[in-house]
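This report concerns only the one structure given below.
Positions are given from 1 along the sequence. Just so it is clear, the structure is predicted and the values come from calculations on it, not from any experiment.
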Amino acid sequence: MYDPSRKAKNSRNTDQLMKIEDILNLTEGTLTNTPKVQAIEAATVYPSKVDHGDLFFSSNQEEIDKALQNGAYAIVYDDENIVKKDDEIAWIKVSDIQLAAFKLIRYIIIKKEASFYLLSEHEMTFLKMILTHKTNIAFIADDWRKAFEQILNSNDALFVGTDKSLLELIKPDVPKLNREVDGYAVSDTLFRTTFKVDGFVYQEKELIPFHLEYLLRVVDFCNKEDLPYDLDRIKYTKHFMPVFIDLKLKSTRPSNSDRVAIFTDNLLDITKAREYVMRSNMWVKSIVLTPPKTKVPGIDHPHWFESEEQVREILKSIHFNYAFIYNADRSILNTIQEEYSLF
C-alpha cells in the first residue's frame, strides 16, 4: 500500500525519482486506475527484490501479490486478467511486458552513455578466453529478466551479448564486431594454427584455422576498447574440441594415433572442417555422429546416436580418422577426454 512517509531502503537504480507519467511515455502504457502515487524510485523484474517505492514488471499474479506486500508503488503488466488488489498504486497496462521493460532500459542506457555489441557465440568464447581482466566489460545474460537487472544496476559502460533478439530490444541498431581487421594465418593444420597479428607471430596455437577470423575480430575489438588480453591463453573451445584416441577409445598423444574424436556444438564447424580435410588430406576418412534426425549439409546418412554407449559402439566398429560428434552429452567428452592435458 502507498505510504508517503516511508523511505526506501535499497540503492536506487534510476538515479532519481521517476514520475508515473514518464513511465507511461517510455513504455507506451496505459494507466488503468487513478493512483495516489506520483513517482517511483527504482525498478525490478523480481518480486523478491522489490522494495518500498519500486516499479515492478510482471504478469504473474502471485509475483505481483508478493511485490505489493514488499511495497511496490507501480505495476507494469500485459495480462488483462490480472487482479488489481491495491488501487492506491499505479497499474500500467502494456502490449508486451518484455518490450516495455527494455524501453525503460533504453532510457537508462542513454543516461549512462553505455555501448552495446552483438557477438557471435564463437566471438564471445574467444573474448572471454583471452581477456585478462573482465572488470571493464559486462556480459549480458540471455535471460531477459537477468539482462534487465544486470543493465539497470551495473556501472559498466560496455556490454556484449550473443542473443540478437534481446540485444535489438535494448538497441535496435546494435553493432557487430568489425570484419575488416588485421592479422592472417602463416601456416595451419586442422588442429593447429600459426598466425600473425599486431606485428607478432604466434606459433602452432591450439586454434582451428577457420576459427582465426573470430579471434582476429575479438583482438581488434579489445584494441579499440582498451581491453587487456593475452593471446597465449588460446586453447581449443567447446565449439570444436579434438581428442586423439586409441583403439580402446582412450585419449592419447597426437603422435601416437591417427584417430581423432572431435566434439562440436554447431554444424557449421563440421562443414568447414570437412571442406578443409577435402582440400588438404584426401586420404583422411571422416565420419559424422549426430542425434537422430539431425540434418548435416553434405551428409546424406550421418551415424545417429541416442546414448553414450551408442557413440562408443560406433567409434569402435567403424574405421575412421576423424569422427565429428555433434551435440554429444558432456559426459561423453569427460569420459573419453580424461587425459586431455597430455597434449
Side-chain angles (χ1 to χ4, degrees), residues 1-3 8-112 114 116 138 140-156 159 161 163 165-172 174:
M1 180 176 290
Y2 172 56
D3 182 357
K9 297 178 183 177
N10 62 336
S11 60
R12 306 292 79 188
N13 55 28
T14 55
D15 294 332
Q16 59 185 11
L17 290 174
M18 180 176 287
K19 295 181 180 179
I20 297 299
E21 62 183 278
D22 292 332
I23 297 171
L24 291 171
N25 291 331
L26 289 171
T27 62
E28 299 182 33
T30 301
L31 192 63
T32 59
N33 69 323
T34 304
K36 290 185 178 181
V37 301
Q38 300 298 317
I40 58 94
E41 294 188 59
T44 183
V45 291
Y46 294 121
S48 61
K49 292 187 175 182
V50 172
D51 202 352
H52 197 78
D54 284 355
L55 167 66
F56 181 56
F57 288 85
S58 180
S59 280
N60 180 289
Q61 187 70 56
E62 184 177 344
E63 291 182 351
I64 290 174
D65 292 345
K66 184 175 180 180
L68 294 176
Q69 294 173 8
N70 290 342
Y73 267 22
I75 305 294
V76 175
Y77 64 102
D78 61 8
D79 183 352
E80 59 186 18
N81 295 315
I82 290 297
V83 178
K84 299 187 282 288
K85 298 183 179 181
D86 186 340
D87 287 333
E88 295 183 350
I89 71 161
W91 294 85
I92 301 171
K93 175 74 163 51
V94 296
S95 59
D96 184 290
I97 193 168
Q98 181 179 351
L99 180 59
F102 281 99
K103 285 179 178 177
L104 175 62
I105 287 294
R106 292 178 194 174
Y107 169 75
I108 297 297
I109 64 174
I110 290 175
K111 295 178 64 178
K112 289 185 175 183
F116 289 78
I140 302 174
D142 289 337
D143 179 270
W144 77 265
R145 289 179 175 82
K146 291 181 180 178
F148 177 91
E149 296 286 335
Q150 183 181 18
I151 298 168
L152 200 63
N153 296 305
S154 172
N155 292 322
D156 291 307
F159 294 83
D163 188 320
S165 60
L166 181 61
L167 265 293
E168 289 180 344
L169 280 178
I170 301 168
K171 191 175 178 64
V174 59

Residues 23-31, side-chain donor-acceptor partners within the protein, below 3.5 Å, at least two apart:
from, atom 1, to, atom 2, distance (Å)
N25, ND2, E21, O, 3.2
T27, OG1, I23, O, 2.7
T27, OG1, G29, N, 3.4
E28, OE2, K103, NZ, 3.1

For [Y], is there any backbone N or O sitting under 3.5 Å from a side-chain donor or acceptor partner on [X]?
| X | Y | answer |
| --- | --- | --- |
| N70 | P47 | yes |
| W91 | K85 | no |
| R106 | L169 | yes |
| K112 | S154 | yes |
| Q150 | A141 | yes |

F116 and F159 aromatic ring geometry - parallel, tilted or perpendicular at 30°/60° bounds: parallel
Check against side-chain contact (heavy atoms from CB on, under 4.5 Å), V45 and W144: CA-CA 10 Å; V45 291; W144 77 265; 4.0 Å; yes
Is any side-chain heavy atom of I151 less than 4.5 Å from a side-chain heavy atom of I108? no
I want to check something: taking the side chain as every heavy atom from C-beta on, are H52 and Y73 in contact at a cut-off of under 4.5 Å?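 Yes. Closest side-chain heavy atoms under 4.5 Å.
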Taking ring pair (Phe, Tyr, Trp, His ring centres under 6.0 Å) as the test, write out the residues that go with F56, two or more places apart.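 None.
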Under the side chain to side chain contact (heavy atoms under 4.5 Å, CB included) test, residues paired with A74 that sit two or more places apart: I20, I40, L55, A90
Quick check for you: to the nearest 0.5 Å, what is the distance between [X] atom [atom1] and [Y] atom [atom2]?
| X | Y | atom1 | atom2 | value |
| --- | --- | --- | --- | --- |
| E88 | L68 | CD | CG | 11.5 Å |
| K171 | F102 | NZ | CZ | 14.5 Å |
| D79 | I82 | CG | CD1 | 5.0 Å |
| N33 | I92 | CG | CD1 | 9.0 Å |
| F57 | Q98 | CZ | CD | 11.5 Å |
| N153 | T44 | CG | OG1 | 7.5 Å |

List the atom of [X], the atom of [Y], and the distance in Å for their closest heavy-atom pair.
| X | Y | answer |
| --- | --- | --- |
| I105 | I170 | CG2-CG2, 4.1 Å |
| Q61 | N81 | OE1-O, 4.4 Å |
| A100 | V76 | CB-CG1, 4.4 Å |
| A114 | D156 | CB-O, 4.5 Å |
| S58 | Y77 | O-CB, 3.2 Å |
| A67 | V50 | O-CG1, 3.6 Å |

Would you find more than 12 non-hydrogen atoms of other residues, nucleotides or ligands less than 6.0 Å from K84 atom NZ? yes
Hey, mind stepping through I75 and I89 against side-chain contact (heavy atoms from CB on, under 4.5 Å) and telling me if it holds? CA-CA 8 Å; I75 305 294; I89 71 161; 3.7 Å; yes
